[in-house]
Amino acid sequence: MDVPRKVFKGRECRIDEDEAARFSTLVMARYPWLTRNSVDVLLKKARMEMLRVRDEETKGKEYSRTLADEGRLDEAIEHMRIHLDLDPDDADSWYALGDLLCKNGQAAEGYKAYHRGMELATKGKRKRRCGA
């Protein structure tokens, strides 16, 4: 069952109570055998899936920011590195990693990440200019 995106708000994909209530009413009207608890479980599972989708869409940056905001910088850095293992040519992710490393007191590594991002960004611009 598809849960509309508007049920989720913010980077943390918090469940919007008003939207969730409208969705729950609709679902329970269509499927009267479902209980309130089963719809709540559905919404919680849909939230977890939305977090996964948002993480994929933003290449790890949203969840890494959330972890950093919670003071979990080591986890945020590790999360960003995992995404860079999957897509090492993503300049924006290298910049995000540089930010996280600098916030964590690892300025030398942070500057290396910024530099890598800059290399990739300028390399992409050169390719577009040459191919145009």
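If you take CZ on Arg65 and CD on Glu12, they are separated by 11.5 Å, rounding to the nearest 0.5 Å. The CG atom of Leu84 sits 12.0 Å away from the CD1 atom of Ile77 when rounded to the nearest 0.5 Å. Once rounded to the nearest 0.5 Å, the distance linking OG of Ser93 with CG of Leu120 reads 10.0 Å.
Residues Ala121 and Ala91 approach most closely at N-CB, 3.9 Å, considering heavy atoms. Shown here for Gly110 and Cys102, the closest heavy-atom pair between the two residues is CA-SG, 4.0 Å. Across all non-hydrogen atoms, the minimal contact from Arg54 to Cys13 is CG-SG, 3.8 Å.
For Asp90, the salt bridge (charged side-chain N to carboxylate O under 4.0 Å, His left out) partners are Lys61, not counting sequence neighbours. Annotation: side-chain contact (heavy atoms from CB on, under 4.5 Å) contacts of Asp18 (sequence neighbours excluded): Asp16, Arg22. Scored by the salt bridge (charged side-chain N to carboxylate O under 4.0 Å, His left out) test, Asp87 finds Lys59 as partners (sequence neighbours excluded). Scored by the side-chain contact (heavy atoms from CB on, under 4.5 Å) test, Asn37 finds Thr35, Val41 as partners (sequence neighbours excluded). Shown here are the side-chain contact (heavy atoms from CB on, under 4.5 Å) partners of Leu73, two or more places apart in sequence or in another chain: Ala68, Leu100, Lys103, Asn104.
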Self-check item: Worked check of side-chain contact (heavy atoms from CB on, under 4.5 Å) between His83 and Asp55
Solution: CA-CA 9 Å; His83 280 276; Asp55 191 50; 2.9 Å; yes
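Apart from Tyr63 itself, the hydrophobic cluster it occupies contains Leu67, where clustering links Ile, Leu, Val, Met, Phe, Trp and Tyr at side-chain heavy-atom distances under 4.5 Å. Leu51 forms part of a hydrophobic cluster together with Met48, judged by ILVMFWY side-chain heavy-atom separations under 4.5 Å. Applying the under-4.5 Å side-chain rule to Ile, Leu, Val, Met, Phe, Trp and Tyr, the cluster around Phe8 extends to Met1, Val3, Val7, Ile15, Phe23, Val27, Met28, Tyr31, Trp33, Leu34, Val39, Leu42, Leu43, Met50.
For the pair Leu97 and Arg116, the minimum side-chain heavy-atom distance is 4.5 Å or more.
For residues 41-50, the pairs satisfying side-chain hydrogen bond (donor to acceptor under 3.5 Å, both in side chains) are Glu49-Arg52, with sequence neighbours left out. Every pair tested for salt bridge (charged side-chain N to carboxylate O under 4.0 Å, His left out) that includes a residue from residues 25-41 fails, sequence neighbours excluded, so the list is empty. Annotation: ring pair (Phe, Tyr, Trp, His ring centres under 6.0 Å) contacts involving residues 84-106, sequence neighbours excluded, are absent. For residues 72-83, the salt bridge (charged side-chain N to carboxylate O under 4.0 Å, His left out) pairs, not counting sequence neighbours, are Glu70-Arg72, Arg72-Glu75, Arg81-Glu109.
Put simply, Met80 and Ile82 are part of two different groups of oily side chains (I, L, V, M, F, W, Y) that touch within less than 4.5 Å, one to the next.
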